[in-house]
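Taking it in order: structure first as structure tokens, then the write-up.
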There are 2 protein chains.
Amino acid sequence: MKRATIKDIASQLGVSPSTVSRALNDHPDISDKVKEEVRQVAQALNYHVNLTAVNLRNNRSGLIALIIPEITMFFFPSLIKGIEDVVSANGYQLLVLQSQNALAGEVANLRVCADLSIDGILISLSAQTKDLDHLQELEAAAVPIVLFDKSIEQTQFDQVMIDDEEAAYQCVSYLIKAGATKICAVLGDQQLQMSQLRHQGFQRAMVEANLLSNGPNSTYIIHAKSQDQCTSLVIDWLGNYEVDAFFCMSDELSAGVYAAINTTTGDNKHKPKVIGISDGHLPSILSPNLDHYRHSGYELGHLAAERLILRLKAGRKQTIAPETLILEGQLVVG
Amino acid sequence: MKRATIKDIASQLGVSPSTVSRALNDHPDISDKVKEEVRQVAQALNYHVNLTAVNLRNNRSGLIALIIPEITMFFFPSLIKGIEDVVSANGYQLLVLQSQNALAGEVANLRVCADLSIDGILISLSAQTKDLDHLQELEAAAVPIVLFDKSIEQTQFDQVMIDDEEAAYQCVSYLIKAGATKICAVLGDQQLQMSQLRHQGFQRAMVEANLLSNGPNSTYIIHAKSQDQCTSLVIDWLGNYEVDAFFCMSDELSAGVYAAINTTTGDNKHKPKVIGISDGHLPSILSPNLDHYRHSGYELGHLAAERLILRLKAGRKQTIAPETLILEGQLVVG
DNA sequence: AACGGTACCGCAAACGATTGCGGAAACGTT
DNA sequence: AACGTTTCCGCAATCGTTTGCGGTACCGTT
């Protein structure tokens, strides 16, 4: 059975398609009698508007694209949920695209967005992305764009972030207060601005405590791009160096460090403390529970999506200045 | 700057839109000279085909919908990745919809699919879903549908599953071989067919080992709908009963049980063994590593998506009989 | 009876792309 | 020179919906 169209209803009732369209949209020009009849027949034929046609006419798609480096079990599920809730509550649908953490992938994703007449874009940048040239085409087409989580230095677009430097600072300060002096920072891809900022927070806390009197010590900095790589790096590292505590900038790395510690140190030996930055899901799974600076992935997604919806509702009539929204977090320890 | 259309190219070159369209699609009726000119201008104007228009004409959307109960950090990320890889490799885009584990949500999601002229559907059923009436409209519209992971007894559609009964059986058999006699099964939502099947596998192993000589013992069956609920239930339970081992039917529950055990039993007390069914990500994070029956979420997604693509490529010319594909898994222990 | 107003509905164009059909050149063949 | 082929391109319809503009009744008023 083919889908019923507006014409089917029209011919069945002996009226014009225009009338049917207006009736279904409750246009005042149409009498209540006709409206009722149209609704009846529509129901009977199981009519549903063809969104593709509507989209063509209105030059919109009802779709919002989410572009992320890669879906992992950490952080992204709650983030996606936060986004999805807002998006679908506002009548949009969510298209999930992965850049594979590569600039080329990001460009390809944006190409798809343009081709599909995507109405709005939420994007977390890949580690390779150093500028926003590839966003300009969409920007020129007046497609609202909100950056979140992983970004670069910029003021052209809205962005929703956490205070990376401060989060790291708080984590490391806590470790120091707890008595740690030999602290190793486990960071992500060196190219990521996020890694650099969290590194800076680490440094600030260390300097403040006079623990880097000989200048930065690269021995106590580990960069890893994946959980597995992190585990093996840390296992090696633990064979060569002494450490009181680890600061891990992400869930992946916290998990990697835990695994390394579990395979390296026996049950009775003294284990190094670990603190991380997390949305709180992983910490409750790990044993002992991971101390962490918590920022909700759900809220981050929620906030970013709401900002996008705000722009979509405003349309191109109002111009809203790009803003950087900082999501608060807090230390969860003990 | 508005998007360039085919007409813009046409008027710039003084040819008709038809010619431009054919030139861009490399139609043999168009001379090489014109083709080249069209391509030049298209490039210059940064022309890109409007997929909405194409979709309207072809009555397709290039979209594949993934409908799942809810995105959690367990299992779904790898699943989505497996699906996304196949889908995008075949020129489709993935729409992620969540049913909130409710039938009403599922119906709403399918409504969206119909309205958007979705080309194919991958669906994992909600716990509430007892029949497939709501799939019939899409089925009638010749939209390929593949069920996966969570399904019900049916033969109308393709489905990609693991052998739930056998997986549970193997887990519990292993526990028994390892010396356990008092084994508690931690299962998910009682309404889920998956829960029932895995329960059956549990029973089979127990009966086979003569551990249920007094008939089924409901004391050693726990049903939980979330990780947190599981944790609190198991904490209570551990206060009242003795147990050698837990069999957890999912990652959520394994994590919940681990948390319960960690809060209940001290370091030196004897801890119950735990085995689960998992894609292997969580087990490597938990300490001690979780024994489990492993089935790859990535492969499951991959397989389901490929089955869908197969049907999409076949079109409605060939009729392919619905099939149930079983993904193999294996015990990972020790 | 003539006129202004309102209520209600249809015509046709538009969104952007595709395609069957037809037609005008240009070519080759006898 | 007449005819058949090929080459190449345009016309117009189509997908399903929306909407500006206009038009016809019918109403009440003077």
Side-chain angles (χ1 to χ4, degrees), chain A residues 1-39 41-42 45-63 91 114-119 141-142, chain B residues 1-39 41-42 45-63 91 112-119 141-142:
Chain A
M1 243 263 291
K2 289 289 301 168
R3 263 178 77 152
T5 75
I6 229 170
K7 293 181 190 169
D8 298 329
I9 303 179
S11 66
Q12 186 143 137
L13 280 170
V15 299
S16 78
S18 333
T19 302
V20 175
S21 173
R22 277 188 265 252
L24 292 171
N25 292 315
D26 206 26
H27 193 288
D29 266 8
I30 306 299
S31 67
D32 291 343
K33 177 171 164 294
V34 173
K35 278 182 187 170
E36 190 47 39
E37 289 172 355
V38 168
R39 278 193 268 256
V41 177
L45 296 181
N46 191 28
Y47 169 83
H48 288 279
V49 64
N50 183 323
L51 284 184
T52 310
V54 175
N55 292 340
L56 174 58
R57 183 135 215 302
N58 299 341
N59 197 29
R60 69 186 287 275
S61 63
L63 298 177
D115 291 352
L116 280 176
S117 306
I118 293 290
D119 293 340
Chain B
M1 243 259 293
K2 288 291 301 169
R3 260 178 79 150
T5 74
I6 227 171
K7 294 182 191 170
D8 297 330
I9 303 180
S11 66
Q12 187 145 138
L13 280 170
V15 299
S16 78
S18 331
T19 303
V20 175
S21 173
R22 279 189 264 252
L24 291 171
N25 292 316
D26 206 26
H27 193 286
D29 266 9
I30 306 300
S31 68
D32 291 344
K33 176 171 166 294
V34 173
K35 277 182 187 170
E36 190 46 40
E37 289 173 356
V38 167
R39 277 191 270 255
V41 177
L45 295 181
N46 191 27
Y47 168 84
H48 289 279
V49 64
N50 183 324
L51 285 183
T52 310
V54 176
N55 292 339
L56 175 58
R57 184 139 214 296
N58 300 341
N59 199 30
R60 70 185 287 277
S61 63
L63 297 176
V112 168
C113 290
D115 290 352
L116 281 176
S117 308
I118 293 289
D119 293 339

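Sequence lines set the chain letters: A, B, ... in the order given, protein chains first and strands last, and positions in each chain run from 1.
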* To do: Looking only at non-hydrogen atoms, find the nearest pair between A:Arg39 and A:Ala23 and report the distance.
  =>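 Looking at all heavy atoms of both residues, the shortest contact is NH1-O, 4.2 Å.
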
Which part of the nucleic acid, if any, lies within reach of [X] when heavy atoms closer than 4.0 Å are counted: base, sugar-phosphate only, or nothing?
X	result
A:Asn59	nothing
B:Asn25	sugar-phosphate
A:Val34	sugar-phosphate
B:Ser31	sugar-phosphate

Which of the following nucleotides, [options], is nearest to the side chain of [X]?
X	options	result
A:Asn50	D:dG16, C:dC9, D:dC9	D:dG16
A:Ser21	C:dT19, C:dC8, D:dT19	D:dT19
B:Leu56	C:dA17, D:dT18, D:dC15	D:dC15
B:Arg22	C:dC21, C:dC9, D:dC8	C:dC21

* First encountered from the 5' end of DNA chain D, between A:Leu24 and B:Pro17 ->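 Going by which nucleotide is closer to the 5' end, it is B:Pro17.
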
* Given DNA chain D, 5'-ward residue of the pair A:Ser18 and A:Asp29, judged by closest heavy atom ->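 Result of the comparison: A:Ser18.
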
Could you check whether any side-chain heavy atom of [X] comes within less than 4.5 Å of a side-chain heavy atom of [Y], counting everything from C-beta outward?
X	Y	value
B:Ser117	A:Asn50	yes
A:Asn59	B:Arg3	no
A:Val41	A:Tyr47	no
A:Ser61	A:Leu116	no

Between [X] ([atom1]) and [N] ([atom2]), how many Å, whole number?
X	N	atom1	atom2	value
B:Ile9	C:dA17	CD1	C1'	11 Å
B:Ile6	C:dA14	CD1	P	17 Å
A:Arg57	D:dT17	CZ	P	12 Å
B:Arg60	D:dG16	CZ	C1'	18 Å
A:Leu13	C:dC8	CG	P	17 Å
A:Asn58	D:dC15	CG	C1'	16 Å
A:Asn55	D:dC15	CG	P	18 Å
A:Glu36	C:dC9	CD	P	14 Å

* D:dC15 OP1/OP2 closer than 4.0 Å to side-chain N/O of A:Lys7 ->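 Yes, A:Lys7 has a side-chain N/O under 4.0 Å of OP1/OP2 on D:dC15.
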
* To do: Indicate, yes or no, whether a donor-acceptor pair under 3.5 Å links the base of C:dA17 to the side chain of B:Thr5.
  =>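 Donor-acceptor pair under 3.5 Å: no.
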
* **Steps toward side chain to side chain contact (heavy atoms under 4.5 Å, CB included) verdict (A:Leu63, B:Leu63)** => CA-CA 11 Å; A:Leu63 298 177; B:Leu63 297 176; 4.2 Å; yes

* Residue whose nearest DNA chain C nucleotide is more 5′ - B:His48 or A:Ser16 ->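 Taking each residue's closest nucleotide, the earlier one in sequence belongs to A:Ser16.
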
